[in-house]
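Reading through the structure tokens given below for one structure.
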Amino acid sequence: MAYLYLLCIYYLIWTTRTNASLSTIGNVYYNMRYNSTDTIITSLTVKYQVVCAAQCANLFVNCNTAVFDSLAIPQCSLYSGRITPANLTVSISTIVYDFQQSKLPATPILHGWNKTGITVAGASNGSAGKAANLLSQPYGTALGSSNSLYIADFANNRIQRWLINESNGTTVAGLSNATAGASSVALNMPVSVVLDSNDNMYFTDKINHRVVYWANGASSGTTIAGILGISGSTNNTFNRPNGIARDSSTGTLYISDVHNHRIMKYLLNASSGIVVAGGNGAGTGITQLYYPFGFTFDSSSNSLLIANYRAHNIVRWVLGASSWTLVIGSLTGLSGSTSTLLNQPVGITLDSMGNIYVADSRNHRIQFFVAGQSNGITIAGVTGLSGNSQSQLSFPYWVTIDDQLNLYVSDYNNNRVQLFLHC
Ligand SMILES: *[C@@H]1O[C@H](CO)[C@@H](O)[C@H](O)[C@H]1NC(C)=O
Ligand SMILES: *[C@@H]1O[C@H](CO)[C@@H](O)[C@H](O)[C@H]1NC(C)=O
Ligand SMILES: *[C@@H]1O[C@H](CO)[C@@H](O)[C@H](O)[C@H]1NC(C)=O
Ligand SMILES: *[C@@H]1O[C@H](CO)[C@@H](O)[C@H](O)[C@H]1NC(C)=O
Ligand SMILES: *[C@@H]1O[C@H](CO)[C@@H](O)[C@H](O)[C@H]1NC(C)=O
Ligand SMILES: *[C@@H]1O[C@H](CO)[C@@H](O)[C@H](O)[C@H]1NC(C)=O
Ligand SMILES: *[C@@H]1O[C@H](CO)[C@@H](O)[C@H](O)[C@H]1NC(C)=O
Ligand SMILES: *[C@@H]1O[C@H](CO)[C@@H](O)[C@H](O)[C@H]1NC(C)=O
Ligand SMILES: *[C@@H]1O[C@H](CO)[C@@H](O)[C@H](O)[C@H]1NC(C)=O
């Protein structure tokens with residue numbers, strides 16, 4: 001790993017204190033060999049951890065470590081030396097940014113993402129359209145084989161397949177001229193798509209209230225759940241289905257049925273579903289969901305992690321349980337833009353270490369939560385600031401990661417998909 005990461009965000013050590021020589025970076029332990037030569041430069045009161053880090057990176061050439069504690073004032077402390085865990089009275093909200101990466105031992109996993117995105121699909125200037133090089137309100141994404149990205153091109157009523165680095169996409173489901181319809185060839189606002197290992201697609205077709213199976217290379221699809229064009233709240237109907245997840249070991253599908261405030265499970269080839277979460281009306285109670293948009297199936301805990309859009313939180317619903325437990329955000333449905341709150345979360349994904357990535361749509365940012373933590377860090381976008389520069393987002397709706405932890409963000413209101421490289 002080279003040391004050229006000046007523009008990349010710092011890596012972060014979430015200080016779950018273990019002992020003096022071990023600290024946690026994400027879920028990875030690494031030996032902190034450098035003892036502190038701490039000399040404090042200054043203490044500042046700043047609102048956001050990103051600002052704290054930026055002060056160190058940009059204002060003080062001799063600054064090597066920034067410690068941000070959101071519980072204190074919140075306080076930002078800048079050091080010329082390095083901090084070891086022994087030096088810190090850590091709270092769960094203390095975040096240490098260490099800039100002196102070139103002096104680190106050879107093995108750390110640096111959790112950093114370039115804050116400058118690269119447009120990989122759609123127009124970088126945010127223009128919408130139905131030409132092959134454009135998108136209109138891209139929603140769910142999925143990575144396929146051969147460096148392909150599948151994009152639910154929502155307002156264009158089609159699914160586009162985009163090869164990374166190509167300037168144009170190809171329509172793989174729906175009509176390429178973006179015409180809406182309700183048939184085996186036409187779609188009406190597809191939201192999200194999952195793929196099996198052969199790139200066969202399963203996707204939600206929102207305004208048609210159904211789930212479609214469309215084989216790789218086929219010219220038409222089949223309705224496999226819901227009734228085409230009919231909304232309802234029975235076990236075989238949906239009202240605006242949104243997110244979809246597939247358990248690849250069994251073929252079971254999970255679908256968020258947004259306007260019924262529930263998540264349905266469909267066993268392989270079943271014509272009717274089973275309510276596995278919510279279904280108790282809209283609300284913030286622990287047996288209820290409140291417009292569940294995106295969610296992810298966590299096979300390690302046999303649970304669903306749900307972006308509970310209108311309750312502004314992320315909840316975990318163990319399959320078979322009758323209520324959720326809070327993972328991120330407010331228990332009572334409070335929205336906000338601090339590191340512990342969300343505002344209309346839409347998409348959510350998990351990495352193999354259990355870290356959570358949330359498309360925090362109305363805050364125009366992607367939040368990263370180390371496994372087990374409810375205090376996040378902004379890894380893409382600028383909190384509260386909608387825009388179409390390469391470091392900004394406007395209503396990001398979906399986040400997907402590849403095996404290198406690079407982020408693909410559907411920048412819904414900017415009509416583009418942005419890639420933020422892990423570094
Ligand atoms: C971050 O991305 C920008 C734009 O692609 C690039 O110019 C810059 O070198 C990258 N920085 C790092 C540290 O990789
Ligand atoms: C760090 O400090 C400990 C205790 O004083 C000492 O044993 C160790 O050798 C020091 N490590 C380095 C890399 O200086
Ligand atoms: C950090 O810890 C070292 C070793 O225990 C100590 O000498 C130093 O004074 C501490 N620095 C601060 C800022 O507390
Ligand atoms: C934005 O980019 C697209 C695609 O490159 C281009 O066709 C369009 O003219 C651009 N619009 C503006 C306002 O620059
Ligand atoms: C990409 O799509 C645009 C707009 O439809 C078209 O003008 C251009 O020829 C296409 N480029 C390639 C390489 O297919
Ligand atoms: C895309 O382009 C970048 C920069 O030219 C290159 O580093 C990368 O390997 C390419 N990726 C693919 C999948 O071709
Ligand atoms: C879009 O394509 C379909 C299928 O080729 C065609 O039936 C329809 O008339 C087209 N719509 C427009 C507006 O061109
Ligand atoms: C599911 O349906 C497909 C297509 O009709 C069929 O090939 C497959 O055998 C079915 N699987 C089960 C377990 O019923
Ligand atoms: C619908 O599913 C629920 C939960 O699985 C079940 O309790 C209920 O009996 C089903 N309703 C019908 C009409 O099958």
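When a ligand or atom number is given, it counts from 1 through the structure's own listing order.
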Query raised in the report: Which is closest to atom 3 (C) of ligand 8 in terms of heavy atoms, Leu267, Asn269, Ile224, Thr250?
Result: Asn269
Query raised in the report: Do protein heavy atoms approach atom 14 (O) of ligand 8 to less than 4.0 Å?
Result: yes
Report task. Name the closest protein heavy atom to atom 4 (C) of ligand 4, giving the residue it belongs to and the distance to 0.1 Å. Result -> Ala123 CB, 3.9 Å
Report task. May I ask you to list the atoms of ligand 8 that are less than 4.0 angstrom from any heavy atom of Leu268? Result -> 11 (N), 13 (C)
Query - Stepwise side chain to side chain donor-acceptor pair (under 3.5 Å) test for Arg246 and Thr252 - result: CA-CA 6 Å; Arg246 182 172 177 272; Thr252 298; over 6 Å; no
Query raised in the report: Nearest 0.5 Å, what's the CG-OG distance between Asp247 and Ser299?
Result: 7.0 Å
Report task. Nearest 0.5 Å please: distance from the CG atom of Leu135 over to the OH atom of Tyr412. Result -> 12.5 Å
Query raised in the report: Is atom 7 (O) of ligand 7 close to the protein, meaning a heavy atom under 4.0 Å from it?
Result: no
Requested in this report: Specify whether Phe368 and Tyr357 have parallel, tilted or perpendicular ring planes, treating 30° as the upper limit for parallel and 60° as the lower limit for perpendicular.
Outcome: tilted
Query raised in the report: What residue and heavy atom of the protein are closest to atom 11 (N) of ligand 7, and at what distance?
Result: Asn177 ND2, 2.9 Å
Query raised in the report: Should the ring pair Tyr266 and Phe238 be called parallel, tilted or perpendicular, given that the plane angle runs from 0 to 90° and is split at 30 and 60?
Result: tilted
**Report entry** Per atom 10 (C) of ligand 4, closest listed option by heavy atom (Asn125, Thr119, Leu134, Asn415)
**Finding:** Asn125
Query raised in the report: Between atom CZ of Arg365 and atom OG1 of Thr378, what is the distance when rounded to the nearest 0.5 Å?
Result: 4.5 Å
